[in-house]
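Encoded as structure tokens, the structure appears first; notes follow it.
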Amino acid sequence: MEELAQLATTAGVDVVGKLIQRLSIPSKTHYLGRGKLDELLALRDNTNYDVVVFDDELSPLQQRNLEDALKVKVIDRSALILDIFAKRAHTREGKLQVELAQHQYLFPRLAGQWSHLERLGAGIGTRGPGESQLETDKRLIRQKIHRLKKEIEAVKKHRALYREHRRQSGIPIIALVGYTNAGKSALLNALTEADAFVEDRLFATLDPTTRRITLPDRRKVLLTDTVGLIRKLPLAIITAFRATLEELAEASILLHIVDLACHNAAEQCQTVEDTLAELDLADKPKITALNKIDLLLGRDKTWGEQDAMDYLSEQCHTANKNTVLISATKKWGLPKLLELISHALSGVAQPA
């Protein structure tokens, strides 16, 4: 719920309340049970809310029934994430991917847009215009989805040519991957003096950024950022952004950035690992960078970099040779990280 509130804030929503219900199985018609629905309705007197956001994806029937009962706009987690993606995508590819995901999400919900026709009952006027309008809308969205897929396919071909050029150059690729807001863009900026947008919000950046850096052994590599991951990422988003995520397959090494200061860092880490497994990347060489250690130490200004490293190494048990403690904002631990990358590349065969 805390993460859902962060998502809502990122989308520009003012959060005025939260409500939780423990159910083994959600109601097929309203998602919530009758009593909890009445409780939610009563909360409106005190909070004056005008939109309700649900943490799970709602069926078209659940969404329609909830809006009828609550008399306000109802959206689910998927729609919220899609809205954020629509605001944050700036490149042509990013915009195409988000638009495709939005249309794929909207298509099964079109019938709800014409639910007013159901109240007319049988008889003259209940068929024809409304039915044909719904079918027209469905046909238009099918055509739009088809067109967007073709445009994305063209972008993929261009990306494939670019990848082939990178292969011929022989420059290794290090791909940053991690949960949203783990600090990937901040690390990219710290290592390359790039100007990638950084903000303490979920999905602050969507469009990939690639920069060249020189390692301690004088070897040049490409460092590329990717879209942040999150639990319950909508299927439409995963499908639309698969082309971008497949860039990870081209990388020599994956650099997994973990927000160590987050209270549920372990769960976030597992979400990323599960997504990598879904993309058949579980066996790809990987370095884990435990980021934001300065926040983990609190606001004590007396901590020096070496003191912080010694203390946290004891506390975090980072004995794994492919794990390193860092602070991207303070640039702590970056020399050790670059050494790890150099060492890992020495034993990694480049993609054919």
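Remember, predicted model here, so these are calculated numbers, not experimental data.
Side-chain contact between I213 and V221 is present, with heavy atoms from C-beta onward closer than 4.5 Å. Put simply, the side chain of R77 reaches to within 4.5 Å of the side chain of I230, judged on heavy atoms. A 4.5 Å side-chain heavy-atom check between V177 and L281 finds every atom pair outside the cut-off. Within the 4.5 Å cutoff, the side chain of V272 has no heavy atoms near those of the V258 side chain. Between L140 and Q143, some side-chain heavy-atom pair lies under the 4.5 Å cut-off. Side-chain contact between N291 and T329: absent, with no pair of heavy atoms (C-beta onward) separated by less than 4.5 Å. Side-chain contact between L4 and V15 is absent, with no heavy-atom pair separated by less than 4.5 Å. Two residues are said to be in side-chain contact when any heavy atoms from C-beta on lie closer than 4.5 Å; I253 and P172 fail this criterion.
L66 pairs in a side-chain contact (heavy atoms from CB on, under 4.5 Å) with only one of the listed residues (L61, T29, L40, L58), which is L58. Under the side-chain hydrogen bond (donor to acceptor under 3.5 Å, both in side chains) rule, R231 has a single partner from D55, T275, T180, which is D55.
Both L43 and V72 are part of a single hydrophobic cluster, where members link through side-chain heavy atoms under 4.5 Å apart. A continuous path of ILVMFWY side-chain contacts below 4.5 Å connects L37 to Y49, so both sit in one hydrophobic cluster. A chain of hydrophobic side-chain contacts below 4.5 Å, direct or via other Ile, Leu, Val, Met, Phe, Trp or Tyr residues, connects V98 to L229. Hydrophobic clustering, with ILVMFWY side chains joined whenever heavy atoms are under 4.5 angstrom apart, groups L223 together with L215. Following chains of ILVMFWY side-chain contacts shorter than 4.5 Å, one can reach F85 starting from I75, so the two form part of one hydrophobic cluster.
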Q. What's the verdict on salt bridge (charged side-chain N to carboxylate O under 4.0 Å, His left out) for K36 and E39, showing C-alpha distance, side-chain angles and the deciding distance?
A. CA-CA 5 Å; K36 190 60 69 170; E39 185 180 337; 3.3 Å; yes

Q.
Could you go through I152 and Q97, starting from their C-alpha distance and side-chain angles, then the distance that decides it, and tell me whether this counts as side chain to side chain contact (heavy atoms under 4.5 Å, CB included)?
A. CA-CA 7 Å; I152 290 174; Q97 289 168 325; 4.2 Å; yes

**Q.** Audit row: Q270, E267, side chain to side chain contact (heavy atoms under 4.5 Å, CB included) steps and yes/no
**A.** CA-CA 5 Å; Q270 190 58 50; E267 289 85 351; 5.7 Å; no

Q.
Run I287 and I174 through side chain to side chain contact (heavy atoms under 4.5 Å, CB included) and show every step you take.
A. CA-CA 10 Å; I287 292 171; I174 313 300; over 6 Å; no

Q.
What verdict does the side chain to side chain contact (heavy atoms under 4.5 Å, CB included) test give for L295 and L260, after you've listed the backbone C-alpha separation in whole Å, the side-chain angles of each residue and the deciding distance to 0.1 Å?
A. CA-CA 9 Å; L295 298 182; L260 193 60; over 6 Å; no

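Taking CD of E57 as the reference point, atom OH of Y105 lies at 6.0 Å (rounded to 0.5 Å). Between atom OG1 of residue T271 and atom CG of residue L276 there is a gap of 11.0 Å, rounded to the nearest 0.5 Å. Once rounded to the nearest 0.5 Å, the distance linking CD of Q62 with CG of D56 reads 9.0 Å. Interatomic distance, L279 CG to L254 CG, rounded to the nearest 0.5 Å: 10.0 Å. Here L325 contributes atom CG and K292 contributes atom NZ; the two are 15.0 Å apart, rounded to the nearest 0.5 Å. We find the CG-CD1 distance between L191 and I341 to be 7.0 Å, quoted to the nearest 0.5 Å.
Across I326 and G333, no two heavy atoms sit closer than the pair CG2-O, 3.8 Å. Listed here is the closest heavy atom pair of R219 and S346: NH2-OG, 3.5 Å. Looking at every heavy atom in both residues, L41 comes nearest to A69 through CD1-O, 3.7 Å. Residue Q102 comes nearest to A86 through the heavy atom pair NE2-CB, 3.5 Å, listed as atom of the first residue, atom of the second, then distance. Taking each heavy atom of S342 and P216 in turn, the nearest pair found is OG-CD, 3.5 Å. The minimum heavy-atom distance linking L290 with I293 is given by the pair O-CG2, 3.6 Å.
For K336, there are no side-chain hydrogen bond (donor to acceptor under 3.5 Å, both in side chains) partners two or more places apart in sequence or in a different chain.
Between D68 and R64, no side-chain nitrogen of the basic residue sits less than 4.0 Å from a carboxylate oxygen of the acidic one, so the salt-bridge criterion is not met. Salt bridge annotation for K232-D76: absent, with no cationic side-chain nitrogen under 4.0 angstrom from a carboxylate oxygen. Salt-bridge check for K95 with E151: failed, with every basic side-chain N at 4.0 Å or more from each acidic carboxylate O.
With K284 contributing its side chain and A251 its backbone, the two residues share a donor-acceptor pair below 3.5 Å. Not a single donor-acceptor pair under 3.5 Å links the side chain of Y179 to the backbone N or O of A265. Of the possible donor and acceptor atoms, one in the side chain of R44 sits under 3.5 Å from a partner among the backbone N and O of L70. The main-chain N or O of I145 is never found under 3.5 Å from a side-chain atom of Q104 such that the two would form a donor-acceptor pair.
Within a 6.0 Å sphere centred on CG of D283, heavy atoms belonging to other residues, nucleotides or ligands number 12 at most.
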